[in-house]
Amino acid sequence: ETGYEHIILERRGRVGLITLNRPKALNALNDALMHEVVDAATGLDRDPEIGAIVLTGSERAFAAGADIREMAPQTYQDMYAADWFAGWNALTRLRTPLIAAVAGHALGGGCELAMMCDFILAADTAVFGQPEIRLGVIPGIGGSQRLTRAIGKAKAMEMVLTGRTMDAAEAERCGLVARVVPATRLLDEALATAATIAGMSAPVAMLAKEAVNAAFETTLAEGVHVERRLFHSTFALADQKEGMAAFLEKRAPRFENR
Ligand code: CAA
């Protein structure tokens with residue numbers, strides 16, 4: 001699909017695929033790229049024909065961070081007035097499941113963008129890090145918060161304070177990524193995983209995502225309460241009747257997404 005300069009948007013059946021495409025800058029995240037990603041992702045989110053989204057980069061880099069060239073001359077007033085990076089928050093309002101497929105560098109804003117997705121599938125070549133401190137700044141797209149929640153304080157603090165990176169094996173060990181696959185298989189695995197999700201009932205997948213996300217925003221008792229109410233609400237859906245009937249009739253369900 002056309003109209004984008006820094007990304008490629010494709011539809012593969014019920015899966016939307018957004019590919020970051022600034023190869024000369026290792027997919028550095030400039031302001032224009034942010035607006036394109038948000039525009040493409042929100043468009044896919046509104047499309048009832050799309051049941052899951054994959055966000056990926058290149059073999060060499062998912063994204064090597066926010067665009068240092070663009071940020072270097074900016075003043076405090078510029079950053080504050082623009083509320084720089086706030087636009088990325090739009091991705092957290094998507095209801096369609098969003099998978100990051102990460103190969104190569106996922107540094108700074110690249111790591112943060114991957115962590116804004118619902119989960120990360122990593123190639124064995126993936127490298128994660130929050131090296132901002134080496135540039136005299138700190139993470140600004142949620143890295144200090146999401147990395148800490150994902151891998152715990154000790155590792156997050158060490159990474160944010162030293163800027164050291166971790167490879168895919170360490171990232172899997174400490175729970176930053178769902179799964180590591182050979183680099184040559186990454187996109188196929190991500191698309192297949194997305195297709196699996198897109199084959200579920202779309203409203204139920206949205207409810208499931210909402211329930212898991214509640215774990216990060218609420219107390220345990222509140223989260224369990226939210227989950228139970230969301231579970232009850234699935235009984236208002238035709239897809240609950242279909243899913244359970246299909247099990248009892250020993251056949252595959254045909255979800256109607258309603
Ligand atoms: N911003 C702008 N341009 C970048 C970039 C970035 N984050 N990362 C890489 N590039 C550019 C390089 O400047 C270079 O451009 P030129 O060919 O015009 O010189 C091109 O991409 C290729 O990069 P390298 O030649 O450096 O490639 P390499 O393979 O030798 O090294 C790398 C790869 C280790 C990822 C190295 O590019 C690097 O360290 N990049 C910066 C990583 C970083 O510090 N990221 C954090 C950015 S700050 C941030 O993200 C703030 C936040 O919280 C959101």
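Both counts, for ligands and for their atoms, begin at 1 and track the order of listing. No experiment lies behind these values; they were computed from the predicted model shown. Only this structure's heavy atoms are used, side chains among them; waters, hydrogens and symmetry mates stay out.
- The main-chain N or O of G140 is found under 3.5 Å from a side-chain atom of E112 such that the two form a donor-acceptor pair.
- Under the 4.0 Å distance rule, the nearest protein heavy atom to atom 8 (N) of ligand 1 falls inside the cut-off.
- Side-chain contact between D167 and F128 is absent, with no heavy-atom pair separated by less than 4.5 Å.
- Ring geometry for F235 against F231 counts as perpendicular: the plane angle is over 60°, on a 0 to 90° scale with 30° as the lower cut.
- For atom 45 (N) of ligand 1, the protein comes within 4.0 Å by at least one heavy atom.
- By the 4.0 Å heavy-atom criterion, P131 is counted among the residues contacting ligand 1.
- Atom 52 (C) of ligand 1 has as its closest protein heavy atom E132 OE2, 3.1 Å.
- L121 places none of its side-chain heavy atoms less than 4.5 Å from the side chain of V177.
- Distance remark: protein heavy atom not present below 4.0 angstrom from atom 30 (O) of ligand 1.
- At least one N/O-N/O distance between R60 and ligand 1 falls below 3.5 Å.
- With a heavy-atom cut-off of 4.0 Å, E112 touches ligand 1 through its side chain alone.
- On a distance-only criterion, I68 and ligand 1 share at least one N/O pair closer than 3.5 Å.
- Here the protein heavy atom with the shortest distance to atom 34 (C) of ligand 1 is H105 CE1, 3.9 Å.
- Counting only heavy atoms of the protein, atom 13 (O) of ligand 1 lies nearest to R69 NH2, 4.1 Å.
- In this structure, S233 and L207 have side chains that are in contact, with non-hydrogen atoms separated by less than 4.5 Å.
- Among protein heavy atoms, the minimum distance from atom 23 (O) of ligand 1 is reached at L26 CD1, 3.6 Å.
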Between R179 and T193, does the side-chain hydrogen bond (donor to acceptor under 3.5 Å, both in side chains) criterion hold? Intermediate values first, please.
CA-CA 11 Å; R179 203 146 50 83; T193 305; 3.1 Å; yes
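- Ligand 1 has an N or O atom lying under 3.5 Å from an N or O atom of G109, backbone or side chain.
- With hydrogens and angles disregarded, a donor-acceptor distance shorter than 3.5 Å links the side chain of E36 to the backbone of E5.
- With a 4.0 Å heavy-atom cut-off, ligand 1 is reached by the backbone of A64 and by its side chain too.
- Near G140, meaning under 4.0 Å from any of its heavy atoms, are these atoms of ligand 1: 52 (C), 53 (O).
- Near P139, meaning under 4.0 Å from one of its heavy atoms, ligand 1 places the atoms 53 (O).
- Nearest protein heavy-atom neighbour of atom 3 (N) of ligand 1: A28 CB, 4.1 Å.
- For the pair I99 and F119, the minimum side-chain heavy-atom distance is below 4.5 Å.
- Using a 4.0 Å cut-off to heavy atoms of F85, the atoms of ligand 1 that qualify are 52 (C), 54 (C).
- T148 places no side-chain N or O within 3.5 Å of a backbone atom of K153 that could act as its donor or acceptor partner.
- Interface of I141 with ligand 1, defined as ligand atoms under 4.0 Å from a residue heavy atom, comprises 54 (C).
- Side-chain contact between L33 and L20 is present, with heavy atoms from C-beta onward closer than 4.5 Å.
- Residues D31 and E70 form a side-chain contact, since some pair of their non-hydrogen atoms from C-beta on lies under 4.5 Å apart.
- At a 4.0 Å heavy-atom cut-off, ligand 1 does not touch L29 at all.
- Among protein heavy atoms, atom 48 (S) of ligand 1 sits closest to L135 CD1, 3.6 Å.
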Would you sort out whether L94 and K209 count as a side-chain contact (heavy atoms from CB on, under 4.5 Å), showing the intermediate values?
CA-CA 10 Å; L94 301 181; K209 167 169 167 165; 4.2 Å; yes
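- Taking each of A72, A66, A61 in turn, the one with a heavy atom nearest to atom 49 (C) of ligand 1 proves to be A66.
- From the protein, the heavy atom lying nearest to atom 20 (C) of ligand 1 is K24 O, 3.2 Å.
- Within a 4.0 Å radius of atom 38 (C) of ligand 1, the protein has no heavy atom.
- Ion pair R251/E242 flagged as a salt bridge, since at least one NZ, NE, NH1 or NH2 atom sits closer than 4.0 Å to an Asp/Glu carboxylate oxygen.
- No N or O atom of M71 sits closer than 3.5 Å to an N or O atom of ligand 1.
- To the nearest 0.5 Å, atoms CG (L55) and CG (L44) are separated by 10.5 Å.
- At the shortest separation from atom 11 (C) of ligand 1 among protein heavy atoms lies A25 CA, 3.9 Å.
- Residues N21 and H6 are not in side-chain contact: their nearest non-hydrogen atoms beyond the backbone lie 4.5 Å or more apart.
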